[in-house]
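This chain uses plain numbering: 1 for the first residue, then up along the sequence. Being a predicted model, the structure only gives us computed values, none of them experimental. All values below were derived from every heavy atom in this structure, side-chain atoms included, with hydrogens, water molecules and symmetry-related copies excluded. As the structure lists them, so they are numbered: ligands from 1, and atoms in each ligand from 1.
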Amino acid sequence: APKSSASNELQGKKVVVTAGGTREPLDPVRYLGNRSSGKQGVAIARAAQVAGADVTLVAGHMEVDPPAGVEIRSISTAQELQKAVFEEVIDTDVLIMAAAVADFRPAQYEDFKIKKTDGDPQAPVIELVKNPDILKSIVEAREQKTISALDLIVGFAAETGDGHTSPLEFGQAKLKRKGCDLLVVNEVGSTKGFGTDTNEVSILSSMTSNIVHAQGSKDDVAQSLIRLIAQQLKQN
Ligand code: CTP
Ligand code: CA
């Protein structure tokens, strides 16, 4: 059978994909985390590799194994992710930020396990501080030319509507705010998005008002995204 065009459309390109969730430690045994399974990011890394790209997966905490044959760089916290992304994007054509990054981390890391005190009715209050916005800082670094290459920067957004604003409207606002080239918007609810094997996304672009819809297995969605990325790179 003839090979699909997907087998070479990213030939010669270097792609960095971030996937999975970050964990922000509180003490040696506890952390703040999130429900990201890493499945969609891993599917994207696989699809990029099948399309011929040289792929690095910057992997947070995931429920799935990374694909064979891609370079893996494991991270845990948002700050580690930021450092890894800035190191890995050197000479990279495409960055795909599928990782679920904690917006906040505990202000203090306790070196010893936090204990409850018998007879003390008070519960501790955890103070949080903001994590860096990695996607935004990468976009800024490209603007200021402190990093080279990076023809395409792709962000992800899991959105729910709020009764006034639809998930897509939130997505459009986020695309502008982040300044990335493509934003993959995922409508999340109790049954959609997290941990499942299927997905339904709308891909917004800063260059056109056309919206690309993709749905099916996470591999199907990954292939649609990779195809769009390949088209976009040709136009650049
Ligand atoms: N992201 C990032 N650094 C962060 C938070 C998010 O790089 N500290 C990236 C994510 O990997 C994703 C994109 O930014 O590609 C959008 O993440 P999202 O959480 O939807 O955006 P936020 O700006 O954090 O907005 P919200 O308040 O809706 O969480
Ligand atoms: Ca966020």
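The protein atom (non-hydrogen) at minimum distance from atom 25 (O) of ligand 1 is Lys174 NZ, 3.3 Å. Nearest protein neighbour of atom 10 (C) of ligand 1, counting heavy atoms only, is Ala99 O, 3.7 Å. Among all protein heavy atoms, the one lying closest to atom 16 (C) of ligand 1 is Phe156 O, 2.8 Å. At the shortest separation from atom 1 (N) of ligand 1 among protein heavy atoms lies Val101 CG2, 3.9 Å. The nearest protein atom to atom 27 (O) of ligand 1, hydrogens excluded, is given as Asp103 OD2, 4.4 Å; this is a heavy-atom distance.
Every atom of ligand 1 with a heavy atom of Asp133 under 4.0 Å away is listed here by number and element: 2 (C), 3 (N), 4 (C), 7 (O), 8 (N). Within the listing of ligand 1, atoms 15 (O) sit less than 4.0 angstrom from a heavy atom of Gly155. Short contacts between ligand 1 and Ala157, defined as distances under 4.0 Å to a heavy atom of the residue, involve ligand atoms 20 (O). Near Arg177, meaning under 4.0 Å from one of its heavy atoms, ligand 1 places the atoms 23 (O), 25 (O).
Of all the heavy atoms of Leu135, the ones lying under 4.0 Å from any atom of ligand 1 are found in both the backbone and the side chain.
Within 6.0 Å of atom CD in Gln108, 12 or fewer heavy atoms from other residues, nucleotides or ligands are found, so the atom counts as exposed in its surroundings. Counted within 6.0 Å of CG on Asp120, heavy atoms from surrounding residues, nucleotides or ligands total more than 12; the atom is thus considered enclosed. Other residues, nucleotides and ligands contribute more than 12 heavy atoms inside 6.0 Å of the CD atom of Gln144. Surrounding OH of Tyr31 are at most 12 heavy atoms belonging to other residues, nucleotides or ligands under 6.0 Å away.
Defined by atom type and a distance below 3.5 Å, a donor-acceptor pair is missing between the side-chain atoms of Thr198 and Glu200. In the model, Thr22 has no side-chain atom that pairs as donor or acceptor with a side-chain atom of His61 under 3.5 Å.
In terms of polar-atom proximity, defined here as any N/O pair under 3.5 Å, Ile134 does make such a contact with ligand 1.
Atom SG of Cys180 is separated from atom CD1 of Ile96 by 12.0 Å, given to the nearest 0.5 angstrom.
Between Gln79 and Glu24, every side-chain heavy-atom pair lies at or beyond the 4.5 Å cut-off. Between Leu95 and Val85 the shortest side-chain heavy-atom distance falls below 4.5 Å.
Residue Pro132 holds the heavy atom nearest to atom 8 (N) of ligand 1 of all those in Ala19, Pro132, Ala78. Checking Glu159, Met97, Lys178 against atom 14 (O) of ligand 1, the nearest heavy atom belongs to Lys178.
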